[in-house]
Amino acid sequence: MTIAVTGATGQLGRLVVDKLKRKVALEEIVALARDPAKAADLGVAVRVADYARPETLDAALAGVDVLLLISSSEIGQRVPQHLNVIEAAKRAGVKRIAYTSLLRADTSPLGLGEEHRRTEEALRASGIPCTVLRNGWYTENYTGSIPAALAAGAVIGAAGEGRIASATREDYADAAVAVLTDEGHAGHVYELAGDEAWTLADLAAEVSRQAGRDIPYRNMTEAEYAAALEAAGMPAAFAKLLADSDRGASEGGLFDDGRQLSALIGRPTTPLRDSVRAALAG
Ligand SMILES: NC(=O)c1ccc[n+]([C@@H]2O[C@H](COP(=O)([O-])OP(=O)(O)OC[C@H]3O[C@@H](n4cnc5c(N)ncnc54)[C@H](OP(=O)(O)O)[C@@H]3O)[C@@H](O)[C@H]2O)c1
C-alpha cells in the first residue's frame, strides 16, 4: 500500500506526514512537493509534484494506491490545478483520493466555496472512489492574529454574531490520517468542524481573560475590514478574501454542530482556550 500526500511541505501536509509515520511503515509514504528540497526533512520518500505542471504528475503518482489531495494555496488557480492532479491520478490508477474541501462546500456562502465545489464535481466525475474532507476553519487563522490584536488593543473582524466551529490543523490532520489508513471511508463526505463554536466577541473575551487586559471585539463592515487588513500590509486580493469569509461566517457559513470531526478522530477537538494559550505562549 502506497499513500501519497500532496502539499506535504505545507502546514497541514507536514502534520499529516508526521502522523502517518506513526501509523504505517515509512516505505508506504510518499511526500509530494513542488520543491523537493523543502520536503527533505520529512524522512520519507519525496517526489516532485507541481499542480500547475502536469508533466510532473504521472511520475509522482506512479504506484500510488491512496492519495491525499491537499487543496492548493493558489486561490483562483485551484480548479485547473486540482483537475491536473485528478486526471493524472486516473491515468496512474490511483485507487482512492481524499480531498481537503471546505465545510458544506455545496451550499457555503463563502466565496472560497466555488473552487471546492468544482473540484468535488471533478472528483465525482473521475469515477475514482473518494473521500471528501470538508474542513471548517483552522483555529490558527484567528490565533495567528492575536499578537496584532494585542498591539492594536482590539480583535477586529466582520463576522458579527456568526458562530465559528473551528478546529486546529492538528485535529484536521488526524482526520486525514484516519481516512487515509482505513478503506471504509470511500464514498463518504465528512463535514469537519470543532466541537465548540464561538463568535469573534467570544475570542476577544478569551484573549482578554488570558492576557489579563481588556481586548474588545470591534465589528466592521466587510469593506472596512478588507481596508483595515490592506492598511496592515496584506495584499488586496487576500484581504478581500478574508473579509468575504468573515461575511460568510456572519451568515453561519463556518458553524456546524455535527461533531463528525471528533467522531472521526476519536477524541474531542482542541478547545479554543488551549489554542489561545498556545498563541500567547508562542
Ligand atoms: N480551513 C482553513 O481554515 C484553511 C486556511 C488556509 C488554507 N486552507 C486550505 O488548506 C490547504 C492546506 O492548508 P495549509 O495550512 O497546509 O496551507 P499552506 O501551509 O499554505 O500549504 C499549502 C501547500 O500547498 C502547496 N502548493 C501550493 N501550490 C502548489 C502547486 N502549484 N503545486 C504543488 N503544491 C502546491 C504548497 O507548496 P509550497 O510549500 O511549495 O508553497 C504547500 O505545501 C491550503 O492550501 C488551502 O487550500 C484552509
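Order of appearance sets the numbers: ligands from 1, and atoms from 1 within every ligand.
- Nearest non-hydrogen protein atom to atom 40 (O) of ligand 1 is R34 NE, 2.8 Å.
- Contact check on E206 versus R209 returns a salt bridge, with a Lys/Arg side-chain nitrogen under 4.0 Å from an Asp/Glu carboxylate oxygen.
- Taking 4.0 Å as the cut-off between side-chain N and carboxylate O, K38 and D35 do not count as a salt-bridged pair.
- At least one side-chain heavy atom of D174 sits under 4.5 Å from a side-chain heavy atom of K19.
- With a 4.0 Å cut-off on non-hydrogen atoms, A49 touches ligand 1 through its backbone and not its side chain.
- Among all non-hydrogen protein atoms, the one lying nearest atom 31 (N) of ligand 1 is D50 OD1, 3.0 Å.
- Salt-bridge formation is detected for the pair R14/D41: a Lys NZ or Arg NE/NH1/NH2 atom is positioned less than 4.0 Å from an Asp or Glu carboxylate oxygen.
- The protein non-hydrogen atom at the shortest distance from atom 24 (O) of ligand 1 is S73 OG, 3.8 Å.
- Residues K240 and E222 are not paired through a salt bridge, judged by the lack of any N-O separation under 4.0 Å between the basic side chain and the carboxylate.
- Using a 4.0 Å cut-off to heavy atoms of E74, the atoms of ligand 1 that qualify are 28 (N), 31 (N).
- Scanning the protein heavy atoms around atom 1 (N) of ligand 1, the nearest turns out to be G136 O, 2.9 Å.
- Closest to atom 32 (N) of ligand 1 among all protein heavy atoms lies Y51 N, 2.8 Å.
- At the shortest separation from atom 25 (C) of ligand 1 among protein heavy atoms lies G7 CA, 4.1 Å.
- In this structure, R78 does not pair ionically with E74, as no charged nitrogen and carboxylate oxygen lie closer than 4.0 Å.
- For the pair R169 and ligand 1, the shortest N or O to N or O distance falls below 3.5 Å.
- Those atoms of ligand 1 with a heavy atom of K38 less than 4.0 angstrom away are 38 (P), 39 (O), 40 (O), 41 (O).
- Comparing Y138, Y172, Y142 by heavy-atom distance to atom 13 (O) of ligand 1, the nearest is Y138.
- Close contacts between ligand 1 and T9 involve ligand atoms 37 (O), 38 (P), 39 (O), 40 (O), 42 (C), 43 (O) [criterion: under 4.0 Å to a heavy atom].
- Remark: minimum distance from atom 45 (O) of ligand 1 to any protein heavy atom is reached at S71 O, 2.6 Å.
- Residue-ligand proximity, R78 to ligand 1, at heavy-atom distances under 4.0 Å covers atoms 46 (C), 47 (O).
- Of all atoms in ligand 1, numbered sequentially from 1 with element shown, those under 4.0 Å from a heavy atom of I70 are 11 (C), 12 (C).
- Under the 4.0 Å criterion applied to side-chain N and carboxylate O atoms, D58 and R91 are assigned as salt-bridge partners.
- The residues R273 and E196 are annotated as not salt-bridged, no charged nitrogen and carboxylate oxygen being separated by less than 4.0 angstrom.
- Taking the six-membered ring wherever Trp is involved, the centroid distance between the rings of W137 and F255 does not fall below 6.0 Å.
- For ligand 1, the atoms lying closer than 4.0 Å to a non-hydrogen atom of L12 are 14 (P), 16 (O).
- Heavy atoms of N141 found under 4.0 angstrom from ligand 1 belong exclusively to the side chain.
- Numbered from 1 in the order shown, with element, the atoms of ligand 1 that lie under 4.0 Å from a heavy atom of S72 read 27 (C), 28 (N), 45 (O), 46 (C), 47 (O).
- Distances below 4.0 Å separate heavy atoms of G10 from the following atoms of ligand 1: 16 (O), 19 (O), 21 (O), 42 (C), 43 (O).
- D202 and R163 are not joined by a salt bridge, as no carboxylate oxygen comes within less than 4.0 angstrom of a charged side-chain nitrogen.
- Nearest heavy-atom pair across A226 and A239 is O-CB, 3.6 Å.
- Looking from atom 17 (O) of ligand 1 to the surrounding protein, the closest heavy atom is Q11 NE2, 4.3 Å.
- With respect to E114 and R117, a salt bridge is recorded, a charged nitrogen being found less than 4.0 Å from a carboxylate O.
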